[in-house]
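We count ligands from 1, going down the list as the structure has it; atoms in each ligand are counted the same way. Any value given below was found using the heavy atoms of this structure, including those in side chains, with hydrogens, waters and symmetry copies removed.
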Amino acid sequence: MTEQPHQLEIRNLHAAVGDQPILKGVNLVVPRGELHAIMGPNGNGKSTLAKVIVGDPEYTVTEGEVLVDGVSILEMEPDERARLGVFLAFQYPVEIPGVTIANFLRLAMQARKPEGEEVSFSEFYGKLTNALKTLEWDESIVERYLNEGFSGGEKKRNEILQMLMLEPNYIIMDETDSGLDVDALKVVAKGVNSLRGPNLGGLIITHYQRLLNYIVPDKVHIIVNGRVVQSGGPELAQKLDTEGYDWVKQLAAAGD
Ligand code: ADP
Ligand code: MG
């Protein structure tokens, strides 16, 4: 068997809600070891891209491919995608009443194990202690119910906790910075940066450049009207910060 590339590849991806096309040919390659930022004006398909990658049934893929380590995932259920190590942090995390964070984390870790392999208590507890330390979070938090009564900042921190526990191969973070103050932003960034290394790839989706001061991306791509209209290094995010999005919208219009 030939060696498969360790990368997330999005190839000519078209997706729609009902008969309304939203993604119109997105091409991206994110090797493991790199974090790429996806930026763009609101309403242009950033969240749709994230949701299609994790398999949200609301969206129909009409053309193209999503390949994780060379394997097409579009026919897979969301939990199969998660088992491949694809992790999504939502813009609006859900509440799950009656499930404590500790239980949820344990179940989520177990779900990623191959059949017949158990998550040991020492593995679980060791990881949990480290993760909580990174996030500067008190241990008592894990006895609370998932997201119930959490502030925006606590929900985001909890997602990063999940990420640290699950050690995904690919993370998709959709506007994880929205509604966070600088202190919470720094904690989120610290968690993500602690996972960075040759095994982690991912997309950091954000409208604002602010988060990228703390999580410096390897590349930046701008999505307008369902397509990547420009790619570059971190300096591209700086440019958007100072010049806004008007010039990219013009680029997109010229491309139509
Ligand atoms: P972004 O994340 O860049 O702000 P989205 O991907 O959320 O953009 O949305 C892109 C476009 O698709 C918007 O016009 C939005 O209204 C539309 N859209 C996204 N999801 C849905 C949906 N579930 N139902 C109807 N329209 C949707
Ligand atoms: Mg969005």
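Within the listing of ligand 1, atoms 5 (P), 6 (O), 9 (O), 19 (C) sit less than 4.0 angstrom from a heavy atom of T48. Close approach of ligand 1 to I22 is summarised as follows: ligand atoms under 4.0 Å from at least one heavy atom of the residue are 10 (C), 11 (C), 12 (O), 17 (C), 18 (N), 19 (C). Of all atoms in ligand 1, listed by their number and element, those nearer than 4.0 Å to a heavy atom of E58 are 23 (N). Atoms of ligand 1 lying under 4.0 Å from at least one heavy atom of Y59, given by number and element, are 19 (C), 20 (N), 21 (C), 23 (N). Shown in contact with V17 at under 4.0 Å from a heavy atom are these atoms of ligand 1, numbered in order with element: 21 (C), 22 (C), 24 (N), 25 (C).
Coordination check, S47 versus the Mg ion (ligand 2): passed, since an N/O/S atom of the residue sits under 2.8 Å.
When G226, A16, S47 are ranked by how near their heavy atoms come to atom 2 (O) of ligand 1, first place goes to S47. Comparing heavy-atom distances from atom 13 (C) of ligand 1 across G45, G40, G43, A50 singles out G43 as nearest.
Residues forming a ring-ring contact (aromatic ring centres under 6.0 Å, His included) with H14 (at least two apart in sequence, or on another chain): none.
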Indicate every side-chain donor-acceptor pair of residues 17-28 with a distance under 3.5 Å to a residue at least two apart or in another chain.
{"residue": "K24", "atom": "NZ", "partner": "N225", "partner atom": "OD1", "Å": "2.6"}
{"residue": "N27", "atom": "OD1", "partner": "N12", "partner atom": "N", "Å": "2.7"}

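Contact annotation for K46 and ligand 1: heavy atoms of both the backbone and the side chain come within less than 4.0 Å of the ligand.
Side-chain atoms of N158 and E154 include no donor-acceptor pair closer than 3.5 Å. Judged purely by distance below 3.5 Å, without hydrogens or angles, the side chains of D69 and Y170 pair a donor atom with an acceptor atom.
A side-chain donor-acceptor contact under 3.5 Å links K46 to the backbone of P41.
For R144 and D138, the salt-bridge test fails: no basic side-chain N is under 4.0 Å from an acidic carboxylate O.
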